[in-house]
2 protein chains.
Amino acid sequence: MPSPRPMRADARRNREALLTAARAAFLTGDADAHVEEIARRAGVAVGTLYRHFDTREALVAEVYRQEVAELCAAPPDLLAQHAPDEALRRFLLLLVAHSAVGKGMGEALESIMATDSAVFDDARTEMATALDELLAAGVAAGVVREGVNGRVLLRALGGICGMHAKGWQDDAARITEILYDGMRYGAANSARASDG
Amino acid sequence: MPSPRPMRADARRNREALLTAARAAFLTGDADAHVEEIARRAGVAVGTLYRHFDTREALVAEVYRQEVAELCAAPPDLLAQHAPDEALRRFLLLLVAHSAVGKGMGEALESIMATDSAVFDDARTEMATALDELLAAGVAAGVVREGVNGRVLLRALGGICGMHAKGWQDDAARITEILYDGMRYGAANSARASDG
DNA sequence: ACCTAAGCGGAACCCGACTCACCTTATGGA
DNA sequence: TCCATAAGGTGAGTCGGGTTCCGCTTAGGT
């Protein structure tokens with residue numbers, strides 16, 4: 001066992017408070033809230049924040065890990081309920097929807113997808129894996145071209161999430177459709193999907 | 001005329017030296033060179049740097065404006081020598097090639113394309129216009145689907161430029177092809193291009 | 001040659017992430 | 001119940017950047 005003693009109660013409480021405070025700050029627009037501010041909102045000092053998270057970025061990453069995990073849980077359900085290509089399309093749109101929950105969320109997703117930042121390695125791998133699952137199903141069914149992997153697709157989606165100009169959701173949906181069509185173009189059976 | 005007197009000779013020289021030093025730093029990998037370092041390389045003090053550029057970011061933007069301008073000059077030539085869809089494809093690949101000249105260039109292009117940073121507004125507009133030109137030609141020829149504009153496409157390309165893991169150029173080329181196919185899918189005359 | 005405004009230098013400043021030496025307290029065993 | 005002790009908390013201080021400011025320098029016109 002790595003931890004003979006579990007985390008002390010106050011420590012766990014503070015850690016939770018920090019995550020809550022950070023989430024509140026990030027999701028309500030203030031994506032670059034200062035560590036002092038986050039700590040203050042959580043009712044602790046900065047030292048405590050740094051006891052629980054190595055860097056500010058690590059805190060950010062942890063906040064969004066849950067959101068990402070939720071997103072990444074979707075593929076099995078989608079594949080159970082839809083044809084592979086439709087499942088893929090829906091997942092892409094789900095991604096857009098997620099980046100709509102707040103400026104902070106969008107920027108975090110962009111960092112996860114469009115940068116090489118080591119802090120987001122876990123999240124990136126998780127999302128790439130989720131996409132791989134969808135892509136593999138599509139390829140197997142002959143409705144998605146081969147040679148596309150999750151990591152690559154993730155990159156292509158990165159730019160979408162940082163968008164927040166007026167009407168961005170339409171733009172995002174449009175890009176998503178382009179990518180979707182691009183992946184199907186030339187597949188063994190590239191008819192337009194019609195379920196769902 | 002906005003400036004009755006032209007810029008003083010030493011000032012112009014220093015401005016040029018700063019741009020040269022910054023370009024050298026950025027293109028040779030050190031994309032986040034410190035202002036002190038850039039000023040030192042240019043043989044001036046930081047105060048001088050700030051006389052010529054409002055912020056560090058403004059200097060970065062100016063350095064890459066020329067690269068971007070070069071890129072944006074390409075569409076007319078491409079359209080003169082190739083079918084509209086092939087011209088588009090080549091331009092996209094040209095973009096990838098440009099982001100390959102250095103880590104700094106790639107990151108700058110990513111900032112231009114994937115963020116809303118006001119500093120890059122000019123560059124962004126210029127590139128969107130260049131893409132619009134290509135897209136319009138493609139739509140007119142019935143080889144590119146309607147409803148895609150330069151700004152949107154720019155977004156979709158953003159993530160490509162930040163990539164620098166081993167083998168990224170293959171990934172980038174692949175994404176580019178996906179987008180290209182996605183844009184043609186469903187166009188009036190969507191046969192695969194064969195010129196060039 | 002001299003005047004003067006444009007230009008320059010660089011120490012000082014600000015601001016934000018991060019550290020560390022010391023204090024507080026939860027917790028489990030006597 | 002109470003103590004010992006290590007886990008946890010604190011926040012002033014450090015550090016590393018970008019940015020500012022004001023006195024000095026100098027180009028360039030008369």
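In what follows, every chain begins at residue 1, and chains take the letters A, B, ... in the order their sequences are listed.
Checked against side chain to side chain contact (heavy atoms under 4.5 Å, CB included), B/Ala137 has the following partners two or more places apart in sequence or in another chain: B/Leu79, B/Pro84. In this view, A/Ala130 and A/Cys72, A/Pro75, A/Phe91 satisfy the side chain to side chain contact (heavy atoms under 4.5 Å, CB included) rule, not counting sequence neighbours. Legend: residues meeting side chain to side chain contact (heavy atoms under 4.5 Å, CB included) with B/Arg51, ordered by chain and number and at least two apart, are absent. Looking at residues two or more places apart in sequence or on another chain, you find no salt bridge (Lys or Arg N to Asp or Glu O under 4.0 Å) involving B/Arg174. Residues passing the side chain to side chain contact (heavy atoms under 4.5 Å, CB included) test with A/Ala22, sequence neighbours excluded: A/Phe26, A/Ile38, A/Leu59, A/Val63. Evaluation of the salt bridge (Lys or Arg N to Asp or Glu O under 4.0 Å) rule for A/Arg13 yields no partner, not counting sequence neighbours.
Of the inter-residue distances, the one linking A/Asn14 atom CG with A/Thr48 atom OG1 reads 6.0 Å to the nearest 0.5 angstrom.
Considering only heavy atoms from C-beta on, B/Ile178 stays 4.5 Å or farther from A/Ile178 through its side chain.
For DNA chain D, the contact window with chain A, defined by any atom under 4.0 Å from a protein heavy atom, covers D/dA7 to D/dA12 in 5' to 3' order.
Screening residues 17-39 of chain A for salt bridge (Lys or Arg N to Asp or Glu O under 4.0 Å) gives A/Glu37-A/Arg40, A/Glu37-A/Arg41 as the qualifying pairs, with residues at least two apart or on separate chains. Sorted by first and then second residue, the pairs that involve residues 146-160 of chain B and meet salt bridge (Lys or Arg N to Asp or Glu O under 4.0 Å), not counting sequence neighbours, are A/Asp171-B/Arg151, B/Asp116-B/Arg155.
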Under 3.5 Å, N/O pairs linking protein and nucleotides 1-3 of chain C:
none

Exercise. Do nucleotides 18-30 of chain C as a string where each nucleotide becomes B, S or -: B if the base has a protein heavy atom under 4.0 Å, S if just the sugar-phosphate does, - if no protein is that close.
Key: BB-----BSS---

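Listed by residue number, the members of residues 14-28 of chain B with any heavy atom below 4.0 angstrom from DNA chain C are B/Asn14.
A/Asp85 places no side-chain N or O within 3.5 Å of a backbone atom of A/Val143 that could act as its donor or acceptor partner.
Regarding contacts with the backbone of C/dG9, a side-chain N or O of B/Thr48 is found under 4.0 angstrom from either OP1 or OP2.
Ion pair A/Glu16/A/Arg12 not flagged as a salt bridge, since none of the NZ, NE, NH1 or NH2 atoms sits closer than 4.0 Å to an Asp/Glu carboxylate oxygen.
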